[in-house]
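For reference, the structure is listed below as structure tokens.
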Amino acid sequence: MPASDPQPRIHAQTTGTRAVRGLAIRVLVAGLCLTVGAPVAIAQVLRHPPKATLEAAPRQSLVIAGEPLVDSNSPVLWDEVEGTPRLFVMTSFAGAARVSSGTRLGEIEAGDPVQWDAWPVGGAWMEAVVKADDGTWYGYYHNEVSTACPGDSRVQPQIGAARSTDQGRTWTNLGIVLASPSQDCETRNQYFTGGVGDFSVQLSTDRSELYLMYSQYTPDLAGQGVAVARMSWADRDAPEGRLAVWDGHVWRPVEAQWTDDGVLAGYTYPVGASLFTAHDSLHDGGTSDVYWGPSVHWNDHLQQYVMLLSRAGTPGFGQDGIYVSFSPTLTAPGKWTSPARILSGGEWYPQVVGLEPGTGSDKDAGAVVRFFMAGVSEHVLVFTND
């Protein structure tokens, strides 16, 4: 889709620092290097980085039946109903997902809550869906379970997988694919004692590997932020224990634990290397400085992957702003550029929806996209290769 420029743009360059909606609109240049304290430097420098510009647009919700209740990323994908392309949106709130559909963005009619063969105890926020070549939907959900801390009402998030053969109306639970090995019962974070969640997935261009960019809430500061795991797409129907986590040097597999009798006792999950340095912990004090909540799409115009993410300024995820990072590939985590801010303040769960009929989604977009936060859009985002 050709870029449109109906209004004057507000230009500002920034290198960047949950939640009052701020409107400090900027052009972003992702060109400074960040260094991860341990174990390696991840973010890189681009000599001529892409740019993105927010422009005001008429207010639009993902679902037209009133303001949607959204507290996670929302998968958007095309599929056919009786031979006619239709746009599907999955929104989640308070651990319950629903699937809605329409002919195009802006005409999505509210649908029904999804049904499960085995309900994921603690809730299922469906944050990503990938359609296989045979039409089967594979969903990936954020799940929150009780902590091991006595008398503590906070939770420990983890990530699960599911499968649907009826376009998201009913789901078969395929189990947990990623969890955290540690927690902090003394944390000052009001939500989590540790864990992993708030994520996005992308299938590799040859459809052989599934990449998962996720938020890591470990007690150790060095592990907090956005990490990456991957899995062979051939393992999608039996995904438990199949992920490998990037530790800054190699892909470390999830390891199965067995009893002396040869019975599977569970899994050991590696801690991933943070893509972007966390400077102030989510678990102590009154301030934080941690990137989280990635939403990743392939941008056909830039020929780059684009990651939108939030930056927490407090242990309660007080919103510093919305940031962007770019990478030409999924296979090398070190290719992601240092995040640059596009919006001060804002809401949680920033994401795009591509505007191209039949292909534009939360995972594939072009030069001009709709920019959503928490299920509501008041801007388009324009990408350029200046």
Side-chain angles (χ1 to χ4, degrees), residues 62 72-81 85-92 97-101 114 116-117 120 124-143 158-178 196-215 227-245 293-300 305-308 327 329-331 349 351-354 356 358-365 369 372:
L62 280 172
S72 75
N73 288 333
S74 299
V76 179
L77 69 157
W78 289 89
D79 206 345
E80 289 192 355
V81 176
R86 196 164 181 85
L87 187 63
F88 289 82
V89 175
M90 293 203 69
T91 53
S92 300
R98 68 173 60 237
V99 60
S100 305
S101 67
V114 305
W116 290 83
D117 71 327
W125 289 258
M126 192 67 74
E127 297 212 83
V129 174
V130 178
K131 187 176 74 170
D133 291 338
D134 65 359
T136 302
W137 289 16
Y138 290 86
Y140 300 88
Y141 62 88
H142 172 111
N143 173 240
Q158 55 188 5
I159 298 171
R163 179 181 61 232
S164 174
T165 57
D166 59 4
Q167 296 177 325
R169 292 186 292 275
T170 60
W171 291 90
T172 299
N173 193 351
L174 301 177
I176 298 302
V177 298
L178 192 62
V196 297
D198 295 314
F199 61 92
S200 181
V201 308
Q202 276 284 339
L203 199 56
S204 62
T205 54
D206 64 359
R207 302 182 71 81
S208 66
E209 300 280 346
L210 183 78
Y211 286 82
L212 192 152
M213 284 63 64
Y214 62 97
S215 305
V228 184
R230 72 180 183 185
M231 177 186 76
S232 171
W233 187 231
D235 291 328
R236 61 189 178 274
D237 287 301
E240 288 185 302
R242 300 298 185 177
L243 281 178
V245 174
S295 176
V296 178
H297 78 275
W298 169 254
N299 193 279
D300 294 314
Y305 290 96
V306 179
M307 179 189 297
L308 296 182
S327 177
T329 181
L330 296 172
T331 60
Y349 309 114
Q351 69 175 87
V352 308
V353 176
E356 295 73 19
T359 61
S361 68
D362 68 317
K363 292 183 176 58
D364 194 285
V369 303
F372 285 85

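Values reported hereafter were calculated over all heavy atoms of this structure, with side chains retained and with hydrogens, waters and symmetry mates removed.
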With a 4.5 Å cut-off on side-chain heavy atoms, are [Y] and [X] touching?
| X | Y | answer |
| --- | --- | --- |
| Lys363 | Trp298 | no |
| Leu243 | Leu210 | no |
| Val352 | Leu308 | yes |
| Val76 | Leu87 | yes |
| Phe88 | Gln167 | yes |
| Met213 | Gln202 | yes |

Over all atoms of both residues, closest heavy-atom pair of [X] and [Y]:
| X | Y | answer |
| --- | --- | --- |
| Tyr140 | Tyr138 | CE1-O, 3.5 Å |
| Leu178 | Val196 | O-CG2, 3.6 Å |
| Ser361 | Leu77 | CB-CA, 4.4 Å |
| Ala128 | Val201 | CB-CG2, 3.4 Å |
| Ala97 | Met126 | CB-CB, 4.1 Å |
| Ser164 | Arg169 | OG-N, 4.0 Å |

Qualifying residues under side chain to side chain donor-acceptor pair (under 3.5 Å), relative to Thr205, sequence neighbours excluded: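 So Thr205 forms no side chain to side chain donor-acceptor pair (under 3.5 Å) with any residue.
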
Distance, nearest 0.5 Å, that separates OG of Ser295 from CG of Asp362: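 Separation between the atoms: 6.0 Å.
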
For the NZ atom of Lys131 and the CG atom of Leu203, what is their distance to the nearest 0.5 Å?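 Atom-to-atom, Lys131:NZ and Leu203:CG are 12.5 Å apart.
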
Test applied, side chain to side chain contact (heavy atoms under 4.5 Å, CB included); reference residue, Ile159; option that passes from Asp198, Ile176, Leu212: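 So the option named by the test is Leu212.
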
Just say parallel, tilted or perpendicular for the rings of Trp137 and Trp171, cut-offs at 30° and 60°.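 Ring orientation of Trp137 relative to Trp171: tilted.
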
Assess the residue pair Tyr141 and Trp116 against the criterion (ring-ring contact (aromatic ring centres under 6.0 Å, His included)); give the C-alpha distance rounded to whole Å, side-chain angles, the decisive distance to 0.1 Å, and a yes or no. CA-CA 12 Å; Tyr141 62 88; Trp116 290 83; 5.4 Å; yes

Hey, are Gln351 and Asn73 close enough side-chain-wise for a donor-acceptor pair under 3.5 Å?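 The answer is no; no qualifying pair exists.
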
Have Thr329 and Thr331 got a donor and an acceptor in their side chains that come within less than 3.5 Å?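 Yes - a donor-acceptor pair under 3.5 Å links their side chains.
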
Tell me, please, which residues at least two apart from Phe372 pass ring pair (Phe, Tyr, Trp, His ring centres under 6.0 Å).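 Scan of Phe372 (ring pair (Phe, Tyr, Trp, His ring centres under 6.0 Å), adjacent residues dropped) gives none.
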
Hey, mind stepping through Arg86 and Asp79 against salt bridge (Lys or Arg N to Asp or Glu O under 4.0 Å) and telling me if it holds? CA-CA 6 Å; Arg86 196 164 181 85; Asp79 206 345; over 6 Å; no

Go through the steps to decide whether His297 and Tyr305 satisfy the test side chain to side chain contact (heavy atoms under 4.5 Å, CB included), and finish with yes or no. CA-CA 6 Å; His297 78 275; Tyr305 290 96; over 6 Å; no

Might you work through the side chain to side chain contact (heavy atoms under 4.5 Å, CB included) test for Val129 and Met90, ending with a clear yes or no? CA-CA 9 Å; Val129 174; Met90 293 203 69; 3.9 Å; yes

Between the main-chain N or O of [Y] and the side-chain N or O of [X], is there a donor-acceptor pair closer than 3.5 Å?
| X | Y | answer |
| --- | --- | --- |
| Asp117 | Asn173 | yes |
| Thr136 | Thr165 | no |
| Ser200 | Val296 | yes |
| Ser92 | Trp125 | no |

Would you give me the side-chain donor-acceptor pairs under 3.5 Å for residues 227-235, sequence neighbours excluded?
unit_1, atom_1, unit_2, atom_2, d
Arg230, NH1, Tyr211, OH, 3.4
Ser232, OG, Ala234, N, 3.3

Test log, rule side chain to side chain contact (heavy atoms under 4.5 Å, CB included), inputs Asp237 and Arg163: CA-CA 8 Å; Asp237 287 301; Arg163 179 181 61 232; 2.8 Å; yes

